[in-house]
Structures are given as C-alpha cells and as structure tokens.
Amino acid sequence: MFRRILVANRGEIAVRLVRACRDLGVSPVAVYSTADREALHVRLADRAFHIGDSAATDSYLKIDRLIDAARKGGCDAIHPGYGFLAENAEFAGACDGAGLVFIGPGPEAMELMGNKVAARRAVSRVGVPTVPGSEQPVESTDQALDAARRIGFPVLVKASAGGGGKGMRVVDGESALAEALSIASAEAASAFADPAVYLEKYLERPRHIEVQVLGDAHNNLVHLGERECSIQRRHQKLVEECPSPLVDARLRAELGEAALAVARAAGYRNAGTVEFLVDSAGGGETPRYYFLEMNTRLQVEHPVTELVTGLDLACWQIRIAAGERLSFDQADVEWRGSAIECRVYAEDPNLGFLPSPGPICGLIEPSGPGVRNDSGVYEGFVIPVEYDPLISKTIAHGRDRLEAISRLHRAFGEYRILGVKTTIPLFLRLLVHPAFREGRLHTGFLAEHALTESPDQGDRQGEALAVAVAALEELNGRGTAADARNSVRRNRSAWKESARRHWL
Amino acid sequence: MFRRILVANRGEIAVRLVRACRDLGVSPVAVYSTADREALHVRLADRAFHIGDSAATDSYLKIDRLIDAARKGGCDAIHPGYGFLAENAEFAGACDGAGLVFIGPGPEAMELMGNKVAARRAVSRVGVPTVPGSEQPVESTDQALDAARRIGFPVLVKASAGGGGKGMRVVDGESALAEALSIASAEAASAFADPAVYLEKYLERPRHIEVQVLGDAHNNLVHLGERECSIQRRHQKLVEECPSPLVDARLRAELGEAALAVARAAGYRNAGTVEFLVDSAGGGETPRYYFLEMNTRLQVEHPVTELVTGLDLACWQIRIAAGERLSFDQADVEWRGSAIECRVYAEDPNLGFLPSPGPICGLIEPSGPGVRNDSGVYEGFVIPVEYDPLISKTIAHGRDRLEAISRLHRAFGEYRILGVKTTIPLFLRLLVHPAFREGRLHTGFLAEHALTESPDQGDRQGEALAVAVAALEELNGRGTAADARNSVRRNRSAWKESARRHWL
Amino acid sequence: MEGVGTEALVVRETFTVGLRRYSIEIQPDREPGFQLIRVESDDGLPSVEFKARLLASSGHARTLEVDGQIEDLLLLADGRRTLVERAGSTYDIQNGSSGDKLRATGHWSEDQGPVFIKAHMPGKIVRLMHKPGEEVAAGEGVIVIEAMKMQNEIKAPKSGILVKYLAKVGSNVNAGDPLCEVE
Amino acid sequence: MEGVGTEALVVRETFTVGLRRYSIEIQPDREPGFQLIRVESDDGLPSVEFKARLLASSGHARTLEVDGQIEDLLLLADGRRTLVERAGSTYDIQNGSSGDKLRATGHWSEDQGPVFIKAHMPGKIVRLMHKPGEEVAAGEGVIVIEAMKMQNEIKAPKSGILVKYLAKVGSNVNAGDPLCEVE
C-alpha cells in the first residue's frame, strides 16, 4: 500500500478521497488554489500545498504544480478524483514520468475512451450498439450541418473530450446549429482545454443508465450493477439511483455483459463507468440500449453503488493501483436494497439553475439511519465562483426504493443551508412526485413535470411566515415589545450564562 | 398506520424516533422538560409540549403529563424510547386506559421481564441457563450476606427493576456489601423509582453478548443475530458491535434459539433483547452462556443490528404496534459486514468517567462512507446536568470488522466537540489497540489494558501545541506582532467581506 | 394593578420581498410569551395571522412555535436585510419599504421604461449577443456570463431596444452590476 | 529599506495548564506568514518549537499548518482562558501565570498543606462518608455527588485528617465549589 497519496482535486470528492486514504491507513496530502485555502479538504488532510491562483487553469489543471506538490509532500501516488485532470492522459503520463502512481486506468484505455469518437468505433466493433452520430469531430458549421442532416434533428452537440454535461447543447433545427456549436466549443475549450465537438442523434425521453465496472491489474474484471441517472438538468445528472427501477435481473445481466465487453476492449483496470442511453418508449418490449461513453474515473454518483453492494469504490481504486487483487468475483457481488443520491448544488432551481456562489452562513447537515451526506463545505465557508457549484451529495439507502425515498425526504427536511440558494427545494418536490415514486423516469423528467417552475401559491404562505419571523427578530433586537424581548433575552442569556458558569 | 406519535423521551433516542416517524409518514410530537426547551428533538418535531421541571421525576417520569400531552397533540400512539418509562407496565396500562397505543410489548411480558428475579425463574423453566444468584430481592444486609455466601464472592448487586448499569455494584468481600447495597439501592430508587436489589454471581472476564428479537402480534417471531457489548465502564455498555467476533454461525443459531425460547415464554411482541453473559475463559471449548435479562424495549445499541441486517428496528416497532405483520421470516434475515457503535458521553475518560455537563461551544460531526452519527445535540446546546450524559452514538459499518474499525477511527478523527470532555480520546486509543482489533473482548477490557489511565507523555506534545495555539490566538487578538495580526485579519475579513459583498 | 387595563404594545413594521411589500403588526397575545403577528401584503392576497413564540435561539438557528407547529429556521439579520431559510427555501427580506425593486432573485426590475439588466452572480463576460440599437424580444439572450465553469445566457426581461452594454467582454462583474440597458 | 536589519518582533507570554506553567516566545519566521513558537514548561521537560501559520479561521474552528502538518482545531478564548480541542482532547488553558492551582480537570490541588476538595461538576450532595476529624487515606471516598443519574464517589487526593465538610447533604453544588478540607 502507498504511504502518502496526493489528492489532486477539491470540494466533496477531495474530502471523499481524504477519507478513503484514512480508511486505508494512508496519509492524505491536499492541494489548494488561492480560493480554496480555507476549504474543507484542506482542513481534513495531513499536509496541504498551495498550487496557484483561483482559476482552475492556474491551479487544479496545472500538471507541473501538482507533480511538484506530490514530490514536496513525499507522496508515492496521485488520485485525480473526477473532473479537472481525471481523464487527462498527459497528466497520467507525467505522473508516471515522475515515478508517481496515477490512480486510474492505463494510458491506452484513457486515450481510447477520452476520445468519444474513437470510443464509439471501438465499442461498435465488440458488438455493443451506439447512438447514431458523426463519426468524426465536426470542424466547421457546414460539416456539422451535413452530419446533422444525415442523422436527423434534433441533434446533440457534444464535447469530444468532455463529460459531465459541459460543452453539450441540444439543437432542434438548422438555424440554431451555428450558435450551439460556438457555445459548446467555447465551454469545451474552457472545461477540457480541447474545443473539439461532435454530433449525436438526440433521443427523445431516453433513460440514462450506466454500469459500474471494477478491474484490477491481474485480469479480474467485475461489474457492480447499474445506476439510473435520468433526472438531469442542463444534461447534467442531478439524481442517481441503484438499482434502476427499470432494470430487472435479466437486463442487469445483459447490460453488465455489455459493459464488461467494453471494458475488456479497452484493457481496463480501475473503477470505470459504461454509460448507456436506454430507450424505454416502447411499452411491453425489452428496452433498447445504446453505448454513450465510458468514464475512466470514479463518478460523482459512485456512493449509491457503494451502499447497495457494500463495496468501497474509492478504496478499491487505491488498492488496485497499489497492485492488489480483487478479493471477490462476479458471483460474490450482491445488491441489497436501494440507494438514491441527490446532488445539492448552489443553484437556484426556481430560476433556471442559476449558480448561487457565496458564503454558507448557516448549515445543519442531515444524519440518522440510512443517510449519508458527502459534503465539501462547512458553516463559514464561501463557495467560490470559480468551480463547480456542488455543495454536497445527500444519499439515502433503504430496504427498498420507497424506504430510500422516505429517508431522503426526511434528510432534506433536516438539511438547512443559509446563504446560498440550493437545489433542496426541488428535491423536496421531486421526492413526493407520483411519477418519480413510480419510477417513470427519463432525462426530460424535470421539464415534463414542471418541477423547475417558480414557487407556487403554497410558497406564499412560507414567505409570509418568513417575513413574520424577520419582524419578530427585529422586534427582539430593538426591544420595543417588552415581552418578546424578555423571552429572547432569557434564551440567549441562558446559553451565555451557562457557558460562563462552566468555563469562563 | 398511526397519524401522530408522542415521543415520550429526550436526547438522541427522541431524535431517532422523530426520524422513524418521518420515514413512516407519521407526524412526530415531542415533549420537553424545562431544561430541554432548546433540545434537538424539540427542533425536529412537528409539535412539542412542555411537561414539567427539569428533574426527570417532574417531567419524563410523569405519566399523567405524558398522557395529557399525547391528548393535546392529537396522538394515537406513544413511543417510550429507552430508559425513563420504557419498561414501566403502569405507564403502558395508563396509555391503554387513555385509548393510546403503547409502542412496546404486552403488559404481561413487560411485568415478567421487568422483574429480574421472576424473569430468571421463567427462563430456567424453558431450559435456558441463568447466572447463579439470589432467587429473591434481598431485603436486609443479613439476607444479602447469606445469599452472597451461598453464591460465593465476588457478587454483583443489581437493581431488580433496573437496566443500563444503574444501581449496580461489584462486591469483592463481606465488608463492602452493606455500603454497596445502600448505594445501589439509592441509585435504583432514583433511576427506576424502585429500590429493590438482588444478587448475582459476578463472573470474571465474561463477554456480554445479546440477541435482538422482533415479534409481531400475529405470532411471527425472528431473531436478528447478536451484538457483543463487552466494552463497558461502570457496568454500562460503551462499545457494541454486530456480529460478535466470538460468535460463529453455529453459536449464533444456538443463541438465537435460546433468545426465541425466552421471548416465546414471555409471549413477546415488539423489538426486544435477550442478554447473555458468555464465559469464554476456556480455550478451545464451546463458550458457555447464561441468560442475564431481557430488555423489553429498543436498546441504545440497536443501530449496529440495523446496519448489518438492513432492517429499521424503530420503524418495525411502530409497524408492529400498528398491527402490521413482519414482511420477512427467519430465513430472510441476512447479515452483511460488521458494524460497531461507540457511545460518545460527556464524561472524562481520563478521570474515571466523571460526568462533564455543559455547553457544546463548538461541534463538527463526522460523516462520509459507512459512518452514521445518531446525535442528540447541536452547537450551542447545553448538556443538562439532570439526565444521562450521552451526546451521540457514532456507528460505522464496513465489509468486515477491520473496515468498520478503520471507518470508526476515521470518524473520530473528524469528530470535534469543544466545551465538554468526551469519551472520544478513549475511543481513539481503543480502536487501534491490538487486543481490540483481534476481538479479544471481555467486560473488564478497559481496566485490563489500562485504557482509562491519565494521558501519557504523548499527550504532553499535544498540550504544548494547544498552548502554542492559544498564544497565537491571543497574539492575533491583541495584535502585538504585526505579521500575525495581518495574517489573521486577512482571513477573518475575507469571510466578512464576502458575506457583505454577497448579502449585506 | 388589578382593574387597570393592560395596554397592548402594538408594533408596526414594513418589509419588502422582491416586489411585494408586507405590512406587519405585532402585539402580545393573551397567552403569556406568545406574540400575535398579522402579515398583510400589497398584492391583494388575504392577510395571514400567526400566533408565535420563540422556543430556542442558538447561532443562526431559531426554533419557534407557530400556531402550535414547530418551525425550525435559520436566520441572518443585519438591521437592513434579513435572510431566512425555512424548509429548504431561502427568503431575502428587505427591512422597510425602500426596497430598490430589485427582485429577490437579484435578477431584474419589472418596471415600465428603461430596464437595466443586472448580473445575478459574479462572473466573467464572455459574449455580447447584440449590437447597441438592435431590437431584442423578451426571453432572447443578450449576454453570456461564465461562472462556475458554465456559460450562462442572460435573457432580456422584456422586448425593446438594446440601448447599450455597460460591460465589456473579458471583464469581471459582481452580482448586481448592471450589464446593459433595454428600453 | 535595503541593508537595514529588520527587528524581530518577539512576544513573550505565560500560560498555565493545570499545575504546569508554560513560557511562550513567538517571533515571525523567515518564511513570510509563518511564526516561530517556542514552548517551555516549568516541569523540566525539554522545550518544543513549532513553525506555524494560520490557514483558516471560521467560528470556533482554526486550521493551522504546524511544521508542515495540518492541524484542525476548535478554540474558544475570552482573554483570560482558552479552551482548545485537538484530536478529541480538550485543553483548558489559563492565560498568565496566576492559575489558582486548580487542576485542569477542576479536581483538586496537589499542594502540601490543607487541601480543599472541590466539586468537579454541578450536582447534588447525597452522602458525607466521614465524620469531621476522621483520618482518610489517599483514594478513599469522602463524599457522594449525584449528577446525571449517577452517584459519583469523590475520593481524597491525599491522606490526612478530614477537617470539615463545607456542603450539606441535599444541597446543590456548582463545579469548583469547595466540598471539604483535608489536612
């Protein structure tokens, strides 16, 4: 096992990896940009190195500075997390060149799957179906137009180097194509340092279902079942679950075999995810699935698989990179119950998911039976404007899907965040929605059920109550109504009194 | 299912039960004494009623006030939690008389098992071995002396109505008996409103192993495996785990059968626990076990069984009381992995577990994979002097015992409590102790391995560092060294600045 | 003091949330410790009355009993503005009636006449989507801001002429900064 | 200012933890932002030196880098006393050297001569275990306090004569209240 691991990331995933290191008895070393000096992952690490200014291009994307920090920190391995350089073969190569183990797949698998176009070709060769699309990145508007006409609108413009919904745009007709190409390409350049984009047929109301695989360096490869990630906004996952309410044992085995074929074709080791679009439009017939892409890293949504299989994916990534063998085989993998994850973003779900960076002024995190909250913040932390606005992932595990939903709903009843807008109000609506409870999911779910509309009349009562509380608070502060003042004073001073009596 | 449940308790178990209500779609109604007006269980409930002054005898033990609160709150059932009135048949009867469902066993089972002496007789009748002891409560020092001589010293003085280690004293010889009887009896009177005590043979280095049972009102009764609770202080459990490192499948089945026989003898429905002392002194031979007592309520340590079996015991208690049938049978019960719970008490483990009530000035709770923290406090709460000093139960679940230990150790590395002394430093020592990791447990473990001794030399380095930090803080506050001042100012003002820019 | 009528201490306050103005009246309830709070808004909806008392106060947390129900909220007040979190939603409340008509979301004004489209978050201007003098339709994109790795298209709140941009490509803006004027 | 030697700003402080007195010396380190802190105790152990800087400060939390290691602690200071939580342990630090010789645990003084046994927690006196004038051995119980439902036997810190009890059965005591005198 390694002695020290450099966690080359930030936010909740850096915290997650620090915890994995601790569980393995490895010393975690953090890095931070100027904006992240006070971040939670720094506080929880054993050592921490400043690697540059706040912009990701000056810090978390700077290969040389990360290698340098790993050297200074006495690390023997680097975990890239997700995003940033997690699927960057150059970074993996640089680690190797510096004598550091890159915790991820081999460079060939990364390069193959990192190029979405090449990946589609390789997957087709092993007999796994793919979504119709352009065989190459499109290099001009005209070329894109040709491809789009051949595939048929609507089409999806996607970043060739991408992932996570960035650099992705749906285009309904020819007139909007040029604009979408330009925006997607700019986003791709900014997010992945590669402006190349390609086109895919845009499926109406598909389900996003992916399969987790895990392979070691000794030719052992297993799949850990599927996750459904159909609840999305801006083509980014918002809610993920394991198992999928659509998938039965037969389809699970079929998808699992397809995922293993893809992973085998790439000579894959590490944790990885094979994503499929599943067309469930047809009524009784078996759903059709299409390979979408393979992510050669730990996914944001890995915890739902961890809870249901009882396997710690982050720890297994590290063990595999250290040369250990999987201690179980496919027959040992068991799924117990159901787990659902909701991504709590600093975004306003009632206003088109506008980012809402800023200070977490107040924070009460959920806990209790079946609830796990993988957070990257604390009370007092200021969510920087420079990075992904993920605050935490709230995950519930239950004996069945409805128990998981109840527990998640209970968790969001306890979760309080003051200072930034969050996606929590949306989850409170989603988790009681009949179509969600019945598992009738697809990627257009939120729009179809108008779950992102502005607050309704019901919220006006909440607003009136909030105003009443603000008025009471001001009254108490000013002390114009003797009763109220005394009542509050009593409360506050009881606490100060007590603190004084005990300590001061 | 019920509409509203009165949670007739306080602290972490009241919070646990509020959560169970939410998971079942039942509205939770809290009660509070004067000292608990600001308690967490009140904050999380839908309604809350004040039931009296701070002393438990004026509030949580007042049957009429609890019934009255349940009526005012529109409740149709009462959950007693553990402690207080949880095993009080009179309370159960009063609920019944008021048309409220008491969430617990029938009155006969409660009365039988509530009387430890009668319980021992009933259990002997169904062929389950018991620890040698006095057949009756001892009513005088002389009577006690007679019994003790017959049994042989050392003996244990135990409260007849008791549980949870209160009203319990070990006596090594005749001279100490009178004193011990008097203290145990006074504690029993104060804790259980019943001064009766009896004697039992005190086994040297036994293991405390108990079996969880669950029975419904339709003659379905299952056992959910064992918990080992051998790590104790003052005869109170401090660390509990499922499964026990001593118990193999054969012994599990045997203990399970014995527990079911006991529960059947009592006509038991509800969650319940049959406690055994297990004599593991003999080397290779099968351990001998003795019935100790049956607790007719949810145990403090129920979460470890929940994590390993995937069953929510608090919810099942409520469902059973509502007349539902168990949805599974003995063959469906499966145990996955290992779970360990540590009770975080406001006590000083380096000073004989002296209670340390007072304000929680600062609090950071642990989270992440495999960690559950069932807490009854929040930052700013003042732990009252009147009640049990339990702050929270930190529980870790892992694929095997060592993974659970690693995760628990990681959790205690994150758990920060400022303001009261806690048992956390003890757990940090315990979880890395070789004998604990090897599972060589017995009830005298902490004393044998000197884990409750005063801080050693190693802690002097910690103390010096703490002093250095205090000095830096004072320096920063006074601002005598310009550098330090500026460095802190910058940090503090960044946060205020940012808050202002964003909000004010 | 028997026989002497107690004078109710009535307090009146005004608050603004977005475009709504609220008039509040607070007086002690007959039941000791409780307050009666009457909330009236200027948008014609019926007024609401709450009977409430504070149970607990610790840091930003406030626990109230409101009409017999427990309400556990977070709150931050500085005398001019109060931020309240309840059941997952955050309310941004201006003390007094002098709210600047900036919507609670910080987005734009809905008044007639010229409208300044403001930044709803800090970020970098990456594209201006029109030329000054061009017509824009309500809902049409006018400017692209990059924040948190996402390009966000800011849309016109109403149809009109885009008079001028007040920010340049590449410049960093803060929340509330005016971006362009639409008339 | 080139060529002008910078004057190190050395600060000296005294703190007391239990019976130990600590002398502290702080000066800016050569590396900007860092401080050098030398900690010396009066019990003969070798002095310790830390090179440290503050990384983050939020509420009671402080994150420092100490000799290259991250230290995340909680801290509460009022100018006279500082409470520090680190790695699960709490340190109760008196600013200055005027500590009253009460041990950090709040238990008793170890000085020669008469000793006042003090309450370590609030509670109710339930039993006095000796008569004034009786001899007590070190470690022998002298008084029973009930707190948090437990009866706690307070033991004598040293052998001697129990001079008198300062509290009665049934009375409530606060932490730090003297309970009895042993000479």
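Below, chain A is the first sequence line, B the second, and so on; all start at residue 1. These numbers were taken from a predicted model, which means no experiment stands behind them.
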Between [X] and [Y], what is the shortest heavy-atom contact and its length?
X: C/I26; Y: A/L472; value: CD1-N, 4.1 Å
X: A/R416; Y: C/A87; value: NH2-N, 2.8 Å
X: A/T422; Y: C/G88; value: OG1-O, 4.4 Å
X: C/Q35; Y: A/L475; value: OE1-CD2, 4.3 Å

- Message: Quick check on side chain to side chain contact (heavy atoms under 4.5 Å, CB included): which of A/I424, A/L363, A/L418 does C/E85 satisfy it with?
- Response: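 It is A/L418, the one option of A/I424, A/L363, A/L418 that forms the side chain to side chain contact (heavy atoms under 4.5 Å, CB included) with C/E85.
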Can you say whether [X] sits under 4.5 Å from chain C via the side chain, the backbone, both, or neither, judging by heavy atoms?
X: A/I417; answer: backbone
X: A/P384; answer: backbone
X: A/S182; answer: side chain
X: A/E414; answer: neither
X: A/Y415; answer: backbone

- Message: Please identify, among C/D72, C/I37, C/L75, the residue contributing the most non-hydrogen atom pairs under 4.5 Å to chain A.
- Response: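 Ranked by heavy-atom pairs under 4.5 Å with chain A, first place is C/L75.
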- Output the option from C/V48, C/V66, C/I93 having the highest count of non-hydrogen pairs under 4.5 Å with chain A.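 That would be C/I93.
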- Item | Heavy-atom neighbours of C/R38 CZ exceed 12 at 6.0 Å |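 Open: at most 12 neighbouring heavy atoms sit under 6.0 Å from CZ of C/R38.
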- Give a yes or no on this: more than 12 heavy atoms of other residues, nucleotides or ligands lie within 6.0 Å of atom CD of C/E135.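 No, because the 6.0 Å sphere around CD of C/E135 holds 12 heavy atoms or fewer from other groups.
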- Between chain C and each of A/G413, A/A468, A/P389, count heavy-atom pairs under 4.5 Å; write down the option with the most.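 Between A/G413, A/A468, A/P389, the count favours A/P389.
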- Item | Partners meeting salt bridge (charged side-chain N to carboxylate O under 4.0 Å, His left out) with C/R86 (sequence neighbours left out) |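 C/R86 satisfies salt bridge (charged side-chain N to carboxylate O under 4.0 Å, His left out) with C/E71 only.
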Side chain, backbone, both or neither: which part of [X] has an atom under 4.5 Å from a heavy atom of chain A?
X: C/D43; result: side chain
X: C/S47; result: neither
X: C/V39; result: side chain

- Message: I'd like to know if the side chain of C/H60 and the backbone of A/C361 have a donor-acceptor N/O pair within less than 3.5 Å.
- Response: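 Checking the backbone N and O of A/C361 against the side chain of C/H60, a donor-acceptor pair under 3.5 Å is found.
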At what distance, to the nearest 0.5 angstrom, does [atom1] of [X] lie from [atom2] of [Y]?
X: C/D67; Y: A/L465; atom1: CG; atom2: CG; value: 8.5 Å
X: A/E473; Y: C/T82; atom1: CD; atom2: OG1; value: 7.5 Å
X: C/L45; Y: A/E463; atom1: CG; atom2: CD; value: 10.0 Å

- Query: Do C/Y91 and A/V467 touch side chain to side chain, with heavy atoms closer than 4.5 Å?
  - Reply: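 A side-chain contact is absent here, since even the closest heavy-atom pair is not under 4.5 Å.
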- Message: Restricting to side chain to side chain contact (heavy atoms under 4.5 Å, CB included), what partner residues turn up for A/L451, sequence neighbours left out?
- Response: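 A/L426, A/R429, A/L430, A/H433, A/F445, A/L446, A/H449.
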